[in-house]
Amino acid sequence: MTHTADSPAPTRRIARERLAKRREKVRAGAAAMRRRTFHAGMWATRAPLWMWPTLLIITGIGAALRLFRLDFPHRLIFDETYYVKDGYSVFNFGYERSWPENADDSFNAGDPSVIEPTPEYVVHPPLGKWLIGIGIHLFGVDDSFGWRFSVAIIGTLTIFLLGVIAWKLFRSAFFACVAAGLLAVDGEHFVHSRTSLLDIVLMAFVLLAFFFIVLDREQVTKRLARWTNATAAPPQTDGQHTDSAPADSHRPGSTLAEAAHSETRTRRRRRATSGGTVNFGPRLGVRPWVIAAGISIGLAMGVKWSGLYAAAVFGILLVAWDVHSRYRAGVVHPWLGMLLRDAVPSFLKLVPVAFITYLVCWTGWIRSDNAWDRHWAAENFGWWQSLPDWLQWLPSLAHYHYTAYSFHVGLDSEHPYMSNPWGWIVQWRPTSFYYESYDHGSMGCMVDKCSSAITSVGNPVIWGLAPFAVLICLVVWIIRRDVRPAVILAGLAATWLPWFAYQERTIFTFYTIVMVPFVVLAVTYCLTLLWGRAPDRGADSSTKPGIVTTSGTGARSGSATKRLFARVSIALFSRRMVVGAVLAAAVLAFAYFWPIYTGEVIPFSAWNNRMWNITWR
């Protein structure tokens, strides 16, 4: 409306409405431009065939290293005294029974008959102990190989899994194998794969949930790419039909099938370009990988409660990634689109599924009659008395969780290997799982004093680069807005940052085993940046500025181009040599620290030489 001098000035409300309309028009125009350029990108790239056997070979080597002398030492070490015996108890009785004070000696000798009929109070969920119990059942309670078999297999499988995740994130078969190889030679992962603790089982399920979220993003990106193709306006020419019966259907020789297909595409395009769909984006369908991620998170919580941190962070990651994908796909209002289209369905597929899966992990406790606190609700009066008898286990389980949580947060006893999360990223205080000292002539010791140690210290090359890799990922994410380092940092946030809230609690560096895959991914990502890309030698030099293409100077310009490529090639070669040197150093460091990963009897001086930091002792 045009205002004259006699017409009244528009009110502030009208001015705000006009400004909002202009902003909406600009936003819609920018979104339309993004829709025209959006495509599946790297998610549409297929892995080369050679990658899969290579990953299998790396995994096979990792398995051989982890299963070699797995039965040594033939006695319970570190926290195996809890989890191996509990694994035997859970697998045979459905819940944890108590053991007498000197039960380790009997168990080491293959005699578990000393187990008592009374229940034992434990503070960790039962799933990890069920898995440990499977190995004990397969190989017998008297075989220490069987005590550690399940965790060795689980740790080995995560090598292959991380390689596939690296392929999904980096779309480089070479660096997928690099990531798998680095995990295979990391000392902390190696030691945990050979020691029957719960933490590597927790790591496996957290990593599996992360993998399913990456798969969901691949599916979502392809779904949005199809949607953007459907929203593309059909080309309009003179005489071309724009109604539901396209002009192609009236050309001589066109078939009814082609006409029907064209009509279907037109209808899809009209539905896709409707105002609500363009503003908020399409619905993303069932998204089975989110359900799978919920199941994996529930299984992680069924091993240790710290899996709950992964549930929180991965839920935020799903939301942020949905908004980012809708924005890139040209949705006008990506936040509203996520809230209206995805928020409730994604929540129901992730959180309730994880909770139900977690409850299923307690089936043995629920079905038992003698487990700890199993009949607490029946023995204590309260509101739960109104529940049916078949549901009385629920308040009992809730009370059990309350007491276990109180124990966890109140745990502040001193321990020689307790550590602070600030030092975890550099392995400041690794945990010693086993140490024995021998004199000359004992256990093959040929010097005055020998040592046999199993120390959960990470590969110094990987963890020496870890702080720089984390910082580089953060900087690249901010500057380049690359989602991949952000996703890796989200995994680190889920497995590291929550522990900073427990500064006064007794915690250990071996908890960082859950961080290890994301540290390896961060280091691998930085290696991809260092690796660089080879220049396109097939490009036409005549299109490059500063290169003369006349007949008199053609030879000179060609030699200049060769020199340019030679300089680039030398620089690129040097960078790739650095990458190769890092990988070789990681393998050599693993070989050097092998004796203190496997408990070999070595001279005390050799053990002392491997204690590079005084805090490692």
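- Ser419 and Trp424 form a side-chain donor-acceptor contact under 3.5 Å, judged by distance and modelled atom types alone.
- When atom types are taken as modelled, the side chain of Thr37 and the backbone of Arg34 share a donor-acceptor pair closer than 3.5 angstrom.
- Here Leu162 contributes atom CG and Trp167 contributes atom CH2; the two are 15.0 Å apart, rounded to the nearest 0.5 Å.
- Between Ser306 and Leu202, the shortest heavy-atom distance links the atoms OG-CD2, 3.2 Å.
- In this structure, a donor-acceptor pair under 3.5 Å is absent between the side chains of Asn420 and Trp499.
- Using a 4.5 Å cut-off on side-chain heavy atoms (C-beta onward), Ser296 and Phe212 make contact.
- Within the 4.5 Å cutoff, the side chain of Val578 has no heavy atoms near those of the Arg575 side chain.
- Remark: side-chain polar atoms of Asn229 are paired, donor with acceptor, to backbone N or O of Ala225 under 3.5 angstrom.
- Asn459 places a side-chain N or O within 3.5 Å of a backbone atom of Val185 that can act as its donor or acceptor partner.
- Shown here for Ile297 and Gly307, the closest heavy-atom pair between the two residues is CG2-O, 4.1 Å.
- For the residue pair Gln427 and Thr509, no side-chain donor N or O sits within less than 3.5 Å of a side-chain acceptor on the partner.
- Defined by atom type and a distance below 3.5 Å, a donor-acceptor pair is present between the side-chain atoms of Trp362 and Tyr358.
- Residues Ile58 and Cys177 meet the side-chain proximity criterion, which asks for heavy atoms closer than 4.5 Å.
- The backbone N or O of Lys168 sits less than 3.5 Å from a side-chain atom of Arg171, completing a donor-acceptor pair.
- Closest of all the heavy-atom pairs between Leu359 and Ile366 is O-CD1, 4.0 Å.
- Minimum heavy-atom separation, Ile200 to Gly155: CD1-CA, 3.7 Å.
- Rounded to the nearest 0.5 angstrom, Leu489 CG and Leu497 CG are separated by 9.5 Å.
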For this session: Show the numbers, then the answer: is there a side chain to side chain contact (heavy atoms under 4.5 Å, CB included) between Ile488 and Leu169?
Result: CA-CA 9 Å; Ile488 296 170; Leu169 289 178; 4.3 Å; yes
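- Side-chain atoms of Val487 and Trp477, non-hydrogen and from C-beta on, never get closer than 4.5 Å to each other.
- Within 6.0 Å of the CZ atom in Phe355, the count of heavy atoms belonging to other residues, nucleotides or ligands does not exceed 12.
- Enclosure of atom CH2 in Trp289 is not indicated, since only 12 or fewer non-hydrogen atoms of other residues, nucleotides or ligands lie within 6.0 angstrom.
- Using a cutoff of 4.0 Å between basic side-chain nitrogens and carboxylate oxygens, Arg287 and Glu218 are not scored as salt-bridged.
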Exercise. Would Tyr511 and Lys304 satisfy side chain to side chain contact (heavy atoms under 4.5 Å, CB included), going step by step from the backbone distance to the final call?
Worked result: CA-CA 11 Å; Tyr511 294 171; Lys304 273 192 170 184; 4.1 Å; yes
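- Cation-pi geometry between Arg484 and Phe170 is not met: the NZ or CZ atom fails to fall both under 6.0 Å from the ring centre and inside 45° of the normal.
- Between the side chain of Lys129 and the backbone N or O of His124, at least one donor-acceptor pair lies under 3.5 Å.
- Distance check, rounded to the nearest 0.5 Å: OG1 of Thr59 to CG of Leu183 gives 9.5 Å.
- In this structure, His401 has its ring center closer than 6.0 angstrom to the ring center of Trp305.
- Here the two rings, on Trp531 and Phe175, have centers that are under 6.0 Å apart.
- Annotation: side chain of Leu391 is in contact with side chain of Pro388 (closest heavy-atom distance under 4.5 Å).
- Distance check: Asp186 CG to Ile462 CD1 gives 4.5 Å after rounding to the nearest 0.5 Å.
- Residue Met33 places its CE atom among 12 or fewer non-hydrogen atoms of other residues, nucleotides or ligands, all under 6.0 Å distant.
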Problem set entry | Derivation of the side chain to side chain contact (heavy atoms under 4.5 Å, CB included) call for Val520 and Tyr525 | CA-CA 9 Å; Val520 170; Tyr525 177 74; over 6 Å; no
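- A distance below 6.0 Å separates the ring centres of Trp496 and Phe500.
- In the model, Thr158 has a side-chain atom that pairs as donor or acceptor with a side-chain atom of His189 under 3.5 Å.
- Below 30°, between 30° and 60°, or above 60°: for Tyr309 and Tyr502 the angle between ring planes is between 30° and 60°, a tilted geometry.
- Listed here is the closest heavy atom pair of Pro467 and Val426: CG-CG1, 3.5 Å.
- Using a 4.5 Å heavy-atom cutoff, the side chains of Phe38 and Leu224 are in contact.
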For this session: Could you walk me through whether Asn279 and Val331 pass side chain to side chain contact (heavy atoms under 4.5 Å, CB included), step by step?
Result: CA-CA 6 Å; Asn279 285 333; Val331 175; over 6 Å; no
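- To the nearest 0.5 Å, atom CG of residue Leu197 and atom CZ of residue Phe510 are 6.0 Å apart.
- Of the listed residues (Arg326, Arg283, Lys349), just one forms a salt bridge (Lys or Arg N to Asp or Glu O under 4.0 Å) with Asp342, and that residue is Arg326.
- When side chains are defined from C-beta on, His399 does not count as touching Trp384, because their heavy atoms never get closer than 4.5 Å.
- Annotation: the span from Gln219 atom CD to Asp216 atom CG amounts to 6.0 Å, rounded to 0.5 Å.
- With respect to Arg341 and Asp322, no salt bridge is recorded, no charged nitrogen being found less than 4.0 Å from a carboxylate O.
- At a threshold of 4.5 Å between non-hydrogen side-chain atoms, the residues Phe211 and Pro517 do not count as touching.
- Relative ring orientation between Phe518 and Phe210 is described as perpendicular, the plane-to-plane angle rising above 60° on a 0-90° scale split at 30° and 60°.
- Here the shortest heavy-atom pairing between Ile291 and Val353 reads O-CG1, 3.7 Å.
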